[in-house]
2 protein chains.
Amino acid sequence: MGAGFGGLKAAKALARVPVDVTVIDRNNYHCFQPLLYQVATAALSPADIAWPIRGILRRQPNAIVLMETVTGIDVEKRLVHTHSVTVPYDYLVLATGAMHSYFGHDEWAAAAPGLKRIEDATQIRRRILQAFEKAELTDGPVERRRLLTFVVVGGGPTGVEMAGAIAEVARQTLPPEFRHIDPRSSRIILLEAGPRLLSTFPEDLSAYVRRVLIRMGVEVLTSTAVTGCDARGVDSSNGRIDAGTIVWAAGVVASPAAEWIRASRDRAGRIEVGPDLSVPGRPEIFAIGDTAAVIDGEGKQVPGIAPAAKQMGRYAAQIIAAQVAGRKLPPFTYRHHGDLATVGRKAAVVRLAHLHLTGFIGWLFWGISHIYFLIGLRNRFVVAFSWLWNYLTFQRSARLITGWEADAMDEARPR
Amino acid sequence: MGAGFGGLKAAKALARVPVDVTVIDRNNYHCFQPLLYQVATAALSPADIAWPIRGILRRQPNAIVLMETVTGIDVEKRLVHTHSVTVPYDYLVLATGAMHSYFGHDEWAAAAPGLKRIEDATQIRRRILQAFEKAELTDGPVERRRLLTFVVVGGGPTGVEMAGAIAEVARQTLPPEFRHIDPRSSRIILLEAGPRLLSTFPEDLSAYVRRVLIRMGVEVLTSTAVTGCDARGVDSSNGRIDAGTIVWAAGVVASPAAEWIRASRDRAGRIEVGPDLSVPGRPEIFAIGDTAAVIDGEGKQVPGIAPAAKQMGRYAAQIIAAQVAGRKLPPFTYRHHGDLATVGRKAAVVRLAHLHLTGFIGWLFWGISHIYFLIGLRNRFVVAFSWLWNYLTFQRSARLITGWEADAMDEARPR
């Protein structure tokens with residue numbers, strides 16, 4: 001269940017195993033989440049970073065794809081319930097990913113959307129571009145200043161990438177195009193509750209990223225926790241910030257998969273699995289990716305990043321194949337290849353083992369590896385072309401405000 | 001007002017005239033409508049055929065762009081009212097385009113969306129792709145047949161293009177990807193109330209298009225009028241057709257611009273203008289494009305197509321420039337260059353003066369001229385690349401179902 005990095009890898013790795021594979025996802029596409037922030041800042045279109053799941057699995061005869069939403073699981077009878085069909089299973093792989101956590105304040109979600117799905121990204125894109133449009137039409141200087149203030153909550157890779165990209169939009173792409181406002185006067189504020197950005201990265205790379213962001217005109221407030229979010233701004237431990245746009249990149253919590261199977265879970269809702277990724281007491285049920293809390297065979301805690309999900313997906317397929325053939329496998333071992341984050345058009349940080357890359361070299365490495373990991377030759381061409389174009393022209397390729405009527409409905413609808 | 005083909009051309013043609021130009025459009029982008037059907041059939045992304053108006057006018061110092069919706073016009077005081085600002089004018093160019101007409105049955109709009117805006121195209125795309133997804137999950141053969149039936153209403157260029165593209169999706173793109181259904185068994189039905197398709201084209205080209213569509217597996221029902229549309233199908237003069245998806249390409253009516261200025265209008269709501277495109281009795285107000293009903297200086301009725309809108313836009317700018325300089329101009333004369341319509345990946349019809357082109361040559365001509373008329377070098381590259389890719393691989397580049405949660409809201413919302 002789920003066709004993100006983990007689920008898709010598991011399905012593909014079962015291609016030559018004598019089993020039938022049913023992939024259930026509520027969307028018809030697989031989304032390359034690391035580049036969602038580029039859709040959110042109008043640099044890429046949704047179709048550049050997503051591919052229909054059926055398209056990916058079209059040449060795999062033992063795979064069926066169902067576009068449906070899971071409503072529950074009967075672990076005794078081994079059935080998956082959806083709105084329209086019930087699917088029996090012998091083995092179940094839960095790869096339903098994560099959602100945003102608002103630390104118990106789900107009411108903040110309407111004011112501060114996260115960035116996990118394509119619709120999140122187009123909604124954020126719409127809010128960012130509309131902020132400038134509304135400011136152009138606004139007389140009052142206080143309201144104009146509020147509209148031109150953007151707050152990003154969370155100093156991990158997603159927050160850093162969003163803050164840098166919004167700064168580029170405001171300082172480079174838009175300035176020649178407005179007559180009543182100067183987009184360069186925008187405030188972009190990045191809030192991080194901990195003492196430094198990119199807390200999972202080495203300290204020197206954290207410090208580098210902070211310097212680059214400040215040079216791009218982003219205000220970086222570390223050791224600053226958010227205490228409230230509303231339609232007009234945020235409350236923080238450093239005071240009130242009136243803002244027109246808030247992006248939430250702070251906390252993740254697992255999908256409700258744990259509830260469906262009534263398994264034990266950790267504080268972030270992730271299913272606690274054994275070293276073979278199976279649920280304790282249920283050797284036929286596996287959980288992988290952001291849905292699972294894993295301590296691997298070497299005692300390492302596995303991070304919630306895409307490469308880890310893919311490794312877990314492959315292992316889950318191997319364990320199922322082994323069980324079908326009556327063999328056993330050693331426990332799952334996670335191999336951490338490195339960390340990447342980008343901070344704008346010419347700077348990224350890369351950590352590979354003991355090698356740290358920064359600046360333009362880092363950005364080239366980041367760009368090439370992301371293109372490599374995209375699915376589909378066409379998408380690789382288009383993304384590479386779009387980046388080259390945007391780089392040379394300082395333009396952004398996907399600056400559409402669409403769906404604003406739906407947004408008006410959103411504002412009226414309770415969440 | 002309005003930044004479609006007519007309004008944008010008028011704005012750009014005023015670049016060197018000593019006036020201030022204010023462009024008001026409720027969207028932030030200019031959309032290349034002739035290719036909307038490709039967004040609706042998942043071959044292109046919205047951003048491939050749209051460009052932000054500010055981006056187009058960024059190097060024109062006398063142009064201001066306001067993203068707003070017009071609520072009314074005070075013709076005595078020469079003011080344009082919007083939700084947030086009021087804009088005074090000396091000259092007013094109404095270029096607000098057209099909407100779909102349901103011949104007095106606006107309640108059909110929810111079941112049978114038209115194809116005028118980007119949101120129309122993504123909604124139709126969603127419905128088409130979801131029809132196959134739901135059919136894959138459906139057991140009952142009657143319901144499955146209904147879901148795999150697609151009806152296009154209207155045999156003009158838009159209807160012909162949509163019917164041909166849906167046939168390609170069903171017969172070429174999707175078949176290897178489904179296990180429970182065979183998309184090739186879909187019914188695609190094109191309904192036209194008149195005796196032949198493409199009624200404004202020469203008869204031989206009409207007949208050619210009919211033959212090609214039938215060869216592609218489209219059922220062409222001419223002399224068949226629609227008498228009712230609902231969520232489960234259409235009623236026609238040829239009987240009831242149960243369908244999962246209905247696309248409306250049948251009638252257009254002008255935007256409400258005529259009401260705003262209380263001008264006389266024709267049956268389709270278009271403002272009846274004089275041979276200099278001005279509103280009778282109001283020499284400072286001009287109407288162009290689909291908003292206007294024009295008999296030109298040679299007595300020809302001007303059709304509602306993109307090249308005509310652009311010619312009218314340029315003329316409106318020239319007349320304003322002439323009035324500012326105290327000169328006079330001869331009346332507007334429309335020059336018809338030809339007609340184009342495409343019927344699928346390898347066939348199009350082109351009429352230039354007395355030259356008729358069909359088949360692959362016609363398609364090449366159609367493709368090259370559409371790429372030429374796109375705005376923006378990047379879009380030209382990406383569309384050309386996407387078409388080449390789709391052509392070689394039989395794939396379609398933008399097969400995402402997005403915004404389905406909004407659709408669920410749509411179904412609940414009264415129209």
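Each chain gets a letter, A, B and so on, in the order the sequences are listed, and its residues count up from 1.
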CD (A:Glu136) and CE (B:Met67) are apart, to the nearest 0.5 Å, by 12.5 Å
Given B:Leu137, B:Ile118, B:Asp139, B:Leu66, the one with more heavy-atom pairs under 4.5 angstrom with chain A than any other is B:Leu137
Turns out that what part of B:Thr82 lies under 4.5 Å from chain A's heavy atoms comes down to neither
The complete set of ring pair (Phe, Tyr, Trp, His ring centres under 6.0 Å) pairs with one or both residues in residues 124-143 of chain A, sequence neighbours excluded, reads A:Phe132-A:Phe150
Applying a strict 4.5 Å limit to non-hydrogen atoms, the region of B:Val85 in contact with chain A is side chain
With chain A, the option among B:Cys31, B:Ser84, B:Gly55 that has the most non-hydrogen atom pairs under 4.5 Å is B:Gly55
Turns out that what part of B:Ile64 lies under 4.5 Å from chain A's heavy atoms comes down to both
Applying side-chain contact (heavy atoms from CB on, under 4.5 Å) to B:Val19 and not counting sequence neighbours gives B:Leu14, B:Val17, B:Val21, B:Asn62, B:Val324
So, the part of A:Thr122 with a heavy atom under 4.5 Å from chain B: the answer is neither
- Item | Intermediate values then yes/no, ring-ring contact (aromatic ring centres under 6.0 Å, His included), B:Phe381 and A:Phe385 | CA-CA 9 Å; B:Phe381 276 143; A:Phe385 176 77; 5.6 Å; yes
Applying a strict 4.5 Å limit to non-hydrogen atoms, the region of A:Leu400 in contact with chain B is both
message = For B:Glu177, is there any backbone N or O sitting under 3.5 Å from a side-chain donor or acceptor partner on A:Arg54?
response = yes
Main-chain N/O of B:Arg399 paired with A:Asn28 side-chain donor or acceptor, under 3.5 Å = yes
All heavy atoms of B:Pro61 vs all of A:Arg179, minimum pair found to be O-NE, 3.9 Å
If one checks every heavy atom of A:Leu57 against chain B at 4.5 Å, the contacting part turns out to be backbone
